[in-house]
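Everything below concerns the one structure shown next.
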Amino acid sequence: MTERHPLDNPALASLLGPHAHLAVRQGDVLRYPEDVAPFIALPDDPDADTWRDAATLLGPGAVLPLAGFDGVLPTGWEVVGHGAGVQLVDEGVAAAPDDEAVRLGPDDVGDILALIDRTRPGPFRSRTIELGTYLGIRRGGVLVAMAGERLHPPGWTEISAVCTDVAHRGQGLATRLVHAVAAIVRVRGETPFLHASADNTDAIRLYEQLGFRLRRRVTFTAVRVPGEPADGVPGPNPFAVVRDAGAPNTGIPNTGAPSSGAAAAPAPRSASGADVTSGDPVG
């Protein structure tokens, strides 16, 4: 059997590897703590036990977004949406430290969440900063741009949470931060990668100009766990309309799992983001 590449199921590779200390497990199904990240990872070839474990871990009525899944769902599981994305990998990114970029820590979480709320790059929670290094740029004491590390399959690191306040776009801040985060990843001997919505051709073109290349295309399928939720409110559809400055009313799963087994939560137009109005990556 051919060994699968870590990026074929990066959420699973992360939770079995560098992020194993964060893993919450039910059988062969893994997830991050809810206050860290929304990603859930299934084995590459889920069986009946896998689906049962996923249902137990998520709960009745929850939504599980799958990437690259083309199998048959068990009885009672319902498809609630589809989407398409791309996975891009570093092939010549001009990685370089940035003198203005500062490392963000737990004391900065309030400012980070405020910036995330203004820019909507995708899910960021109170402990997401534990996933890796996050860098930010402040102006007048206010955090106006940031980027950081998310999924961490062995040998690879995903660049994510790339965002710039609308008042500071067009200055290349996010591009500088992508370069700076890539430099940190490279120092460890690892390779940066990221994700974007397949229909966001401007973002993909921008990332290619930065030195990323297309590795694979991914089709996402969101499925709902059978049963009625205890609170009577079903899990949200990850393909519902979401808001993103510069790219409204579009969404794909904020992919942390482009394989048959990995699951991800919703994100705006680009999972690692692009402000197509300014040319800066912002999500």
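These values consider heavy atoms only, across backbone and side chains, with no hydrogens, waters or symmetry-generated copies. Keep in mind the model is a prediction, meaning the values are calculated, not measured.
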- Task: Not counting sequence neighbours, list each pair that qualifies as a ring pair (Phe, Tyr, Trp, His ring centres under 6.0 Å) and has a residue in residues 95-145.
- Result: Phe124-Tyr134
- Can you tell if the side chain of Pro154 reaches within under 4.5 Å of the side chain of Pro18, non-hydrogen atoms only? yes
- Query: Between His195 and Glu158, do the side chains contain an N or O donor and an N or O acceptor separated by less than 3.5 Å?
  - Reply: yes
- Nearest heavy-atom pair of Ala222 and Val63: which atoms, and what distance? CB-CG1, 4.0 Å
- Task: Check whether any side-chain heavy atom of Asp45 sits under 4.5 Å from a side-chain heavy atom of Asp47, and report yes or no.
- Result: no
- Note on the structure: Closest non-hydrogen contact found for Pro43 with Leu12 is CA-CD2, 4.0 Å
- With Asp49, which residues qualify under side chain to side chain donor-acceptor pair (under 3.5 Å), at least two apart? Arg52
- Note on the structure: For Ala23 and Leu30, the nearest pair of non-hydrogen atoms, with its separation, is CB-CD2, 4.5 Å
- Check whether any side-chain heavy atom of Leu194 sits under 4.5 Å from a side-chain heavy atom of Ser160, and report yes or no. no
- Side-chain contact, heavy-atom cut-off 4.5 Å: Thr164 with Leu177? no
- Message: Donor-acceptor check, side chain of Gln87 to backbone of Val218, threshold 3.5 angstrom: yes or no?
- Response: no
- Of all heavy-atom pairs between Val225 and Ala55, which one has the smallest distance, and what is that distance? CG1-CB, 3.7 Å
- Message: Could you check whether any side-chain heavy atom of Leu104 comes within less than 4.5 Å of a side-chain heavy atom of Val109, counting everything from C-beta outward?
- Response: no
- Message: List the residues meeting side chain to side chain donor-acceptor pair (under 3.5 Å) with Asp111, not counting sequence neighbours, and say none if there are none.
- Response: Arg138
- Message: Checking side chain to side chain contact (heavy atoms under 4.5 Å, CB included) between Arg215 and each of Val89, Val86, Leu88, which is the one that passes?
- Response: Val89
- Task: Give every residue pair that meets the salt bridge (Lys or Arg N to Asp or Glu O under 4.0 Å) criterion with at least one member in residues 179-188, sequence neighbours excluded.
- Result: Asp90-Arg186, Glu149-Arg188, Arg188-Glu190
- Using a 4.5 Å cut-off on heavy atoms from C-beta on, say whether the side chain of Arg31 contacts that of Leu57. yes
- Over all heavy atoms of both residues, which pair between Ile204 and Ala196 is shortest? Give the atoms and the distance, please. CG1-CB, 4.4 Å
- Query: Residues in side chain to side chain donor-acceptor pair (under 3.5 Å) with Arg205, at least two apart?
  - Reply: Asp202
- Considering only heavy atoms from C-beta outward, does the side chain of Leu66 approach that of Phe220 to under 4.5 Å? no
- Message: Centroid separation under 6.0 Å, is that true for the rings of Trp51 and Phe69?
- Response: yes
- Are Asp53 and Thr50 linked by a side-chain donor-acceptor pair shorter than 3.5 Å? no
- For Thr191, all residues meeting side chain to side chain donor-acceptor pair (under 3.5 Å), sequence neighbours excluded: none
- Query: With sequence neighbours excluded, what pairs up with Glu228 under the side-chain contact (heavy atoms from CB on, under 4.5 Å) test?
  - Reply: none
- Glu100 meets the side-chain contact (heavy atoms from CB on, under 4.5 Å) criterion, sequence neighbours left out, with Asp98, Ile137, Arg139, Arg176
- Message: List the residues meeting ring pair (Phe, Tyr, Trp, His ring centres under 6.0 Å) with Trp156, not counting sequence neighbours, and say none if there are none.
- Response: His5
Exercise answer: donor-acceptor pairs, residues 32-41 side-chain atoms, under 3.5 Å, sequence neighbours excluded:
from: Tyr32; atom 1: OH; to: His19; atom 2: ND1; distance (Å): 2.7
from: Asp35; atom 1: OD1; to: Arg127; atom 2: NH1; distance (Å): 3.0

- Note on the structure: Residue set satisfying side-chain contact (heavy atoms from CB on, under 4.5 Å) with Asp165, at least two apart, ordered chain then number -> Leu115, Arg118, Val144, Ala167, His168
- Item | Rounded distance [0.5 Å steps], CG in Leu42 versus CG in Asn9 | 8.5 Å
- Evaluate the side-chain proximity of Pro192 to Val181: yes if any heavy-atom separation is below 4.5 Å, no if none is. no
- Residue list, side-chain contact (heavy atoms from CB on, under 4.5 Å) with Glu78, at least two apart or on another chain: Val80, Arg224
- Message: Applying side chain to side chain contact (heavy atoms under 4.5 Å, CB included) to Val93 and His179, what does each step give before you reach the verdict?
- Response: CA-CA 7 Å; Val93 175; His179 289 163; 3.9 Å; yes
